[in-house]
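Remember, predicted model here, so these are calculated numbers, not experimental data. Only this structure's heavy atoms are used, side chains among them; waters, hydrogens and symmetry mates stay out.
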Amino acid sequence: MSTFTRRSFIGTAAAAGGLAALQKVAGADVSRSDPGPANRVLDGQNPDSMWLPSTDSKSLVQNFKYPFSFANKRVYEGGWSREVTVRELPVSKTMAGVNMRLTAGGVRELHWHTAAEWSIMLYGTARITAIDAHGKSFVADVKKNDLWYFPTGIPHSIQGLGPDGCEFMLVFDDGNFSESDTLLLSDAMAHLPPDVLSKNFNVGEQALKNVPKQELFIFQTDVPGPLEADQKAAAGALGKSPQNFAFRTMEMPPTLQTKGGEVRIVDSSNFKASITVAMAMVTVHPGGMRELHWHQNADEWQYYIAGKGRMTVVATGNLGRTMDFQEGDVGYVRKTLLHYIENTGDTDLVFLEMFKSDRYQDLSLSEWLAHTPPELVMAHLHIDKATLDAIPKNGAVVTPLS
């Protein structure tokens, strides 16, 4: 302190004053600087977390984003798997996601789940197999954007086809569900006494000596032959299942289409098998936005397939937070919370809205205001009649309308 003289204080103050004056002239704001250590790549990908919009609240809003890039990847000969559950994203209590890749011939072994499995193909082609509740077989080939749904307890498998296998997103109707909790054929066999297996399959114990002693999970084998041959062989005496566990998304026209983009809604009304999961596949063109809305019947689990976007979620308690998203990210919005998703890039933004429900439902903010007595709305928002009249009357879903 003895070296801190009046002269040094005046000099320091003068320098600070000069710096402040320069910043003021330059329009700079020293409070919005970060000269210390930082991950500049992540900061650049998340500008609305780095510097909150002025409309965001300063109080904490629970994180509603998790990138699959951070997820632990289990790699096998034949493919890999990684998951985002409530462990990685605590707000995601109703749904969990598993991203999986299989090589040509790679198999996600025969198994079943304690939760229902919904899936969308992201790349390539695969062969899926199952039996229905009556033991009748289902075998089908699926390609990019096709869906499948297997109810709880229905045994099934997935195998990559040529030329380069496949990649897909699995969504489960339980946020706590983990792929590690799957009931596997190989694991089940390894935990049963050999004499029990011998009696059950009506063969000698020696015939079962090579049954795996640990789980396979994902493994490599040959690419299967023609689909028709597998369907015939699996049908056996019981025949093929009348239930279709697959859905061809791109064979249906958009549910709604505007200049700003389009949406395809798939739920139990058009995909009969999908009794616990509903989906909206949304495409937002550059400059467009998934309009302000909320969902009254279920939380929303999101997966971003392509492009860049940002979302603001308005929570109870006068709270709001904005976060940025890009392909490979998971987002989550709790039931009834107001939000939008805006395309912030120069290419199409494509993402999934997923719900633990048999039906898709949403409520549009614009539609609500347009169908409320005009004087009441104008008194709330301090707008004139011309402004109110310009609000879309039937909900835009993806703006702009024209």
Side-chain angles (χ1 to χ4, degrees), residues 20 23 27-71 84-97 175-176 282 284 289-304 308-326 328-345 349 351 353-356 361-366 368-369 372 377 379-383 399:
Q23 289 171 338
D29 182 357
V30 71
S31 65
R32 294 178 69 85
S33 63
D34 182 11
N39 188 324
R40 304 299 179 190
V41 175
L42 279 180
D43 288 346
Q45 293 174 351
N46 298 278
D48 289 293
S49 291
M50 182 64 180
W51 303 112
L52 304 183
S54 60
T55 48
D56 278 14
S57 57
K58 290 182 172 60
S59 300
L60 179 65
V61 175
Q62 189 173 16
N63 177 52
F64 49 81
K65 169 186 173 178
Y66 192 91
F68 260 102
S69 295
F70 290 174
V84 174
T85 71
V86 72
R87 178 188 59 233
E88 289 79 19
L89 187 59
V91 70
S92 182
K93 298 185 184 304
T94 63
M95 308 193 91
N176 288 290
V282 183
V284 183
M289 184 178 81
R290 173 70 171 94
E291 68 167 336
L292 284 159
H293 67 285
W294 65 95
H295 304 277
Q296 68 272 38
N297 65 324
D299 291 2
E300 175 181 332
W301 188 95
Q302 302 170 340
Y303 179 67
Y304 288 81
K308 296 180 180 179
R310 71 169 182 167
M311 174 170 67
T312 298
V313 176
V314 179
T316 55
N318 299 315
L319 300 177
R321 183 175 182 183
T322 304
M323 301 190 79
D324 301 279
F325 293 85
Q326 57 189 347
D329 288 346
V330 172
Y332 196 88
V333 184
R334 289 187 289 119
K335 181 171 62 176
T336 76
L337 297 188
L338 180 68
H339 59 288
Y340 68 87
I341 302 97
E342 179 186 17
N343 187 336
T344 56
L349 173 65
F351 62 95
E353 300 178 359
M354 307 295 307
F355 307 90
K356 184 179 179 178
Q361 294 182 8
D362 73 354
L363 284 169
S364 160
L365 177 64
S366 295
W368 175 41
L369 297 181
T372 297
V377 177
H380 274 79
L381 299 182
H382 300 175
I383 60 176
T399 63

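- Here the side chain of Asn343 pairs a donor or acceptor atom with the backbone of Val284 at under 3.5 angstrom.
- The CD atom of Glu353 sits 4.0 Å away from the CD atom of Glu300 when rounded to the nearest 0.5 Å.
- The backbone N or O of Glu291 sits nowhere less than 3.5 Å from a side-chain atom of Thr399 that would complete a donor-acceptor pair.
- Classification of the Tyr303-Trp301 ring pair by plane angle, with boundaries at 30° and 60°, yields parallel.
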Would you please test Ile341 and Leu349 for side chain to side chain contact (heavy atoms under 4.5 Å, CB included) and show each step? CA-CA 9 Å; Ile341 302 97; Leu349 173 65; 3.7 Å; yes
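- Atoms CZ and CE, on Arg32 and Met50 in that order, are 9.5 Å from each other to the nearest 0.5 Å.
- For the side chain to side chain donor-acceptor pair (under 3.5 Å) test, no residue two or more places apart in sequence or in another chain qualifies with Ser366.
- The shortest non-hydrogen separation linking Gly175 to Ala96 is O-CB, 3.8 Å.
- Between Asp34 and Arg40, some side-chain heavy-atom pair lies under the 4.5 Å cut-off.
- Put simply, the residue from Asp324, Asp329, Asp48 that forms a salt bridge (charged side-chain N to carboxylate O under 4.0 Å, His left out) with Lys65 is Asp329.
- Residues Tyr332 and Thr94 are in side-chain contact: their nearest non-hydrogen atoms beyond the backbone lie under 4.5 Å apart.
- Rounded to the nearest 0.5 angstrom, Leu52 CG and Met323 CE are separated by 10.0 Å.
- Here the side chains of Asp299 and Arg334 are in contact, with some heavy-atom distance below 4.5 Å.
- Considering only heavy atoms from C-beta on, Arg290 comes within 4.5 Å of Asp362 through its side chain.
- A donor-acceptor contact shorter than 3.5 Å is absent between the side chain of Asn46 and the backbone of Ser49.
- In plain terms, the two heavy atoms of Gly97 and Phe68 that are nearest each other are O-CZ, 3.8 Å.
- Between Val330 and Leu89 there is a side-chain heavy-atom pair separated by less than 4.5 Å.
- Between atom CG of residue Leu369 and atom CG of residue Leu292 there is a gap of 9.5 Å, rounded to the nearest 0.5 Å.
- The two residues Met289 and Tyr340 have their closest heavy-atom pair at SD-CD1, 3.8 Å.
- Rounded to the nearest 0.5 angstrom, Lys335 NZ and Gln296 CD are separated by 9.5 Å.
- Under the side chain to side chain contact (heavy atoms under 4.5 Å, CB included) criterion, Ala379 pairs with no residue, sequence neighbours left out.
- Rounded to the nearest 0.5 angstrom, Thr312 OG1 and Glu342 CD are separated by 8.5 Å.
- Glu88 is not listed as a side-chain neighbour of Phe70, based on a closest heavy-atom distance of 4.5 Å or more.
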Side chain to side chain contact (heavy atoms under 4.5 Å, CB included) between His380 and Val377: does it pass, once the steps are laid out? CA-CA 5 Å; His380 274 79; Val377 177; 5.7 Å; no
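- Nearest approach of Leu319 to Ser57, heavy atoms of both residues: CA-OG, 3.4 Å.
- In this structure, the side chains of Phe325 and Met311 come closer than 4.5 Å at one or more pairs of heavy atoms.
- With sequence neighbours excluded, the residues that form a ring pair (Phe, Tyr, Trp, His ring centres under 6.0 Å) with Phe351 are Tyr304.
- Counting non-hydrogen atoms of other residues, nucleotides and ligands closer than 6.0 Å to CZ of Arg310 gives a total above 12.
- A donor-acceptor pair under 3.5 Å is absent between the side-chain atoms of Ser92 and the main chain of Thr85, judged by distance alone.
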Please lay out, stage by stage, how Leu337 and Trp294 fare under the test side chain to side chain contact (heavy atoms under 4.5 Å, CB included). CA-CA 6 Å; Leu337 297 188; Trp294 65 95; 5.9 Å; no
